[in-house]
Amino acid sequence: DHILGRGAEIHSDDAGLQEVIDNFKKVNKFDTRLKEYVLQLFLFGVQVLPVAARQSDGRVKLNYIDPQQIEDVIAHPNDPTEFWALVTRPMEGLPGWTDGNIPRRVYRIIREDSGYVDGRKIITPRYHDRLVTAEQAQLEPWESVMLQHYGLSAYTGSTFYFRVNAVSNQPFGSSDSQRITYWITQFEEALLSAADRENSSGYWFTDIKMIGAQPEQVRQRTTELKRQPPPRGGINVHNDREEADIKQPSASSGSVDVLNALFNYTWGGLGFPRHWYVQGDQTNRSTAQEQDEPVEKTLQSDQDSVKEMITMIITFVRDQAIIAGVPGVGEEFKVILPEIASRNLEKLGKALKDLTETLDKAIGKKLISTETARELWAKLVVELGFEVDPKEEAKKIENEEPEEPVTFNQLTGQVHPDADIGAAPTIEAATQIAVAKVNLGQSIDGSASIQDEINEAVRLAQAEMKLNGRH
């Protein structure tokens, strides 16, 4: 839910490409099945989606292979991090309408057609930098040898292969829950044992002690009590040779601390804090917000993996349409996923204001360049969910019409006391006006801070001098 939310938006400004994308989503029920794909990716650690591309119009149809059917994932002979093909197990004993048996199949993993080097010859790709099927790709010599090993002369088909929680040369991914599977079992057994002990502690029984009685007397008395036990609130009369007592099991109900430790260790293994599992008794809003930030980073990383998966699928859909010669199909599109968490605009706004003021001072003291300041500022703006290209912004600023500075006279209706001085305005004069304005309740920039008014008055005085041609 946090990763995908209400779904992914796939948008292109190009009408032709958008039509191709919309048709693909409709044919494959992509909006519905995307949630299943995301669940399967992190539950099994891998996602296998075979494809069929129609030659006439490049229409792409997705299929699915259960990870249990994977027999092997084959890497490139010269690069163990480049996974090239996927082999599925043969299947026997299937229903008659499926021909009963399915032989071993070998799929080429979808990748860009980039060509290869064969000795001194450079084999150029058929569709440069396009994601292609096995039939469209320029196959390398070793692929034919590999296919012969499996008794095939050509690939069975083409497939997407995605994995998570794996190192670079690890062919199979792993489930998110794999790291905590053992501890889930331990926690479940401990919790069930504690529940059994708690239930047993509510049981009770009557203990009858007969002093000096023979075995036959004990059996006879037992029979009498079973046949006619004392009624609730009744009277049981006996001599000093018999004692009755109510007994309860004394088994310990287990340590709550142990259960809490298992709970934290188990679910903490996924990187989520305790209060995410309806256990908010040991936190407050402040600590919860601080604990949420690392979780949001983890979820953001997972969301990036999902975005990469969607982007590759849609790129393949686009490339197949272009290869098929569909007219008017553009290149650019965007995959938009929901925000992982609502942003603290108040906190970010204050940070942005403080950074802006700091950078302004640093530029004034020649500590950093304007270009570097723009880059630093842009990095913080990204936290607001808006990307800014500092170089592009600099070009836009240069092309903008310069605004006429607002003068002190225009703002206050008064002549600045330094207007007749050929030098820069004095801070003392600006301070006098700023303090006077605040005392009269006539804030210049909407702030009640005298220091802010002083800064604003100085800025306006400098603008006045610049407008009058004096610096």
Side-chain angles (χ1 to χ4, degrees), residues 3-41 46-65 83-86 107-115 124-139 154-164 302-339 385 387 389:
I3 293 174
L4 200 58
R6 294 183 177 179
E9 180 185 350
I10 307 170
H11 175 73
S12 174
D13 291 332
D14 182 85
L17 178 55
Q18 188 64 53
E19 183 179 357
V20 170
I21 293 172
D22 291 342
N23 288 338
F24 165 78
K25 292 170 65 177
K26 181 180 179 181
V27 168
N28 292 276
K29 301 179 181 177
F30 194 70
D31 289 336
T32 300
R33 289 179 178 166
L34 183 57
K35 293 184 178 181
E36 299 171 3
Y37 295 156
V38 174
L39 173 63
Q40 290 159 184
L41 178 63
V46 297
Q47 181 79 275
V48 185
L49 302 174
V51 302
R54 196 161 60 186
Q55 292 184 359
S56 60
D57 59 359
R59 192 193 76 169
V60 175
K61 188 75 170 67
L62 297 180
N63 205 333
Y64 179 71
I65 292 179
F83 301 108
W84 218 264
L86 183 141
Y107 294 87
R108 193 176 197 266
I109 296 174
I110 293 171
R111 61 194 315 103
E112 288 184 354
D113 192 14
S114 56
T124 58
R126 295 173 181 169
Y127 305 101
H128 185 68
D129 290 339
R130 297 291 181 191
L131 293 178
V132 294
T133 63
E135 294 82 4
Q136 297 164 342
Q138 193 73 272
L139 301 185
Y155 281 105
T156 307
S158 306
T159 185
F160 288 109
Y161 181 66
F162 305 102
R163 63 197 177 96
V164 293
D302 290 344
Q303 190 182 71
D304 291 342
S305 298
V306 172
K307 186 174 183 178
E308 182 180 351
M309 178 180 72
I310 299 172
T311 300
M312 187 170 186
I313 292 173
I314 300 302
T315 301
F316 177 76
V317 170
R318 179 202 66 191
D319 289 352
Q320 288 303 303
I322 292 174
I323 290 172
V326 177
V329 176
E331 296 278 348
E332 300 297 325
F333 66 89
K334 291 182 180 180
V335 176
I336 304 171
L337 296 177
E339 294 288 343
E387 295 186 6
D389 186 335

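Other residues, nucleotides and ligands place no more than 12 heavy atoms under 6.0 Å from the CD atom of E308. At most 12 heavy atoms of other shown residues, nucleotides or ligands fall within 6.0 angstrom of atom CD in Q55.
Residues D57 and R54 are paired through a salt bridge, judged by an N-O separation under 4.0 Å between the basic side chain and the carboxylate. Here E331 pairs with R130 in a salt bridge; the nearest charged N to carboxylate O distance falls below 4.0 Å.
Heavy atoms only, all atoms of each residue included: V27 and K61 are closest at CG1-CD, 3.6 Å. Of all the heavy atoms in R108 and Y155, the pair that sits closest is N-CD2, 3.5 Å. Taking every heavy atom of both residues into account, D113 and P125 meet most closely at O-CB, 3.2 Å. Closest heavy-atom contact between I109 and A85: CD1-N, 3.8 Å. Nearest heavy-atom pair, D14 versus G328, reported as atom, atom and distance to 0.1 Å: OD2-O, 3.2 Å. The shortest heavy-atom contact between A8 and L337 is CB-CD2, 3.3 Å.
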What do the steps show when you test I310 against I10 for side chain to side chain contact (heavy atoms under 4.5 Å, CB included), and what is the final call? CA-CA 9 Å; I310 299 172; I10 307 170; 3.9 Å; yes
Determine, stepwise, if the pair V329 / R318 fulfils side chain to side chain contact (heavy atoms under 4.5 Å, CB included). CA-CA 8 Å; V329 176; R318 179 202 66 191; 4.3 Å; yes
Could you check V51 against I110 for side chain to side chain contact (heavy atoms under 4.5 Å, CB included), going step by step and ending with a plain yes or no? CA-CA 9 Å; V51 302; I110 293 171; 3.6 Å; yes
Step by step, work out the side chain to side chain contact (heavy atoms under 4.5 Å, CB included) result for I65 and Y107. CA-CA 11 Å; I65 292 179; Y107 294 87; 3.7 Å; yes
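Side-chain contact between R33 and Y64 is absent, with no heavy-atom pair separated by less than 4.5 Å. Between V132 and F316 there is no side-chain heavy-atom pair separated by less than 4.5 Å. Between E36 and Q40, the closest side-chain pair of non-hydrogen atoms falls below 4.5 Å. At least one side-chain heavy atom of L86 sits less than 4.5 Å from a side-chain heavy atom of V48. When side chains are defined from C-beta on, Q47 counts as touching Y37, because their heavy atoms get closer than 4.5 Å.
Without hydrogens or angle criteria, S158 side chain to A134 main chain gives a donor-acceptor distance under 3.5 Å.
The structure places OG of S114 at 15.0 Å from OH of Y127, a figure rounded to the nearest 0.5 Å. Atom CG of L131 sits about 11.5 Å away from atom CD1 of I314, to the nearest 0.5 Å. The distance from the CG atom of L49 to the CG atom of N63 is 8.5 Å, given to the nearest 0.5 Å. With rounding to the nearest 0.5 angstrom, the CG atom of L41 is 11.5 Å from the CZ atom of R163. The distance from the NZ atom of K25 to the CD1 atom of I313 is 12.5 Å, given to the nearest 0.5 Å. Of the inter-residue distances, the one linking S12 atom OG with K334 atom NZ reads 10.0 Å to the nearest 0.5 angstrom.
Applying the ring pair (Phe, Tyr, Trp, His ring centres under 6.0 Å) definition to pairs two or more places apart or across chains, those involving residues 12-32 are F24-F30.
Take E19 and apply the salt bridge (charged side-chain N to carboxylate O under 4.0 Å, His left out) test, not counting sequence neighbours, and it matches no residue.
Between the side chains of Q320 and Q136, at least one donor N or O lies within less than 3.5 Å of an accepting N or O.
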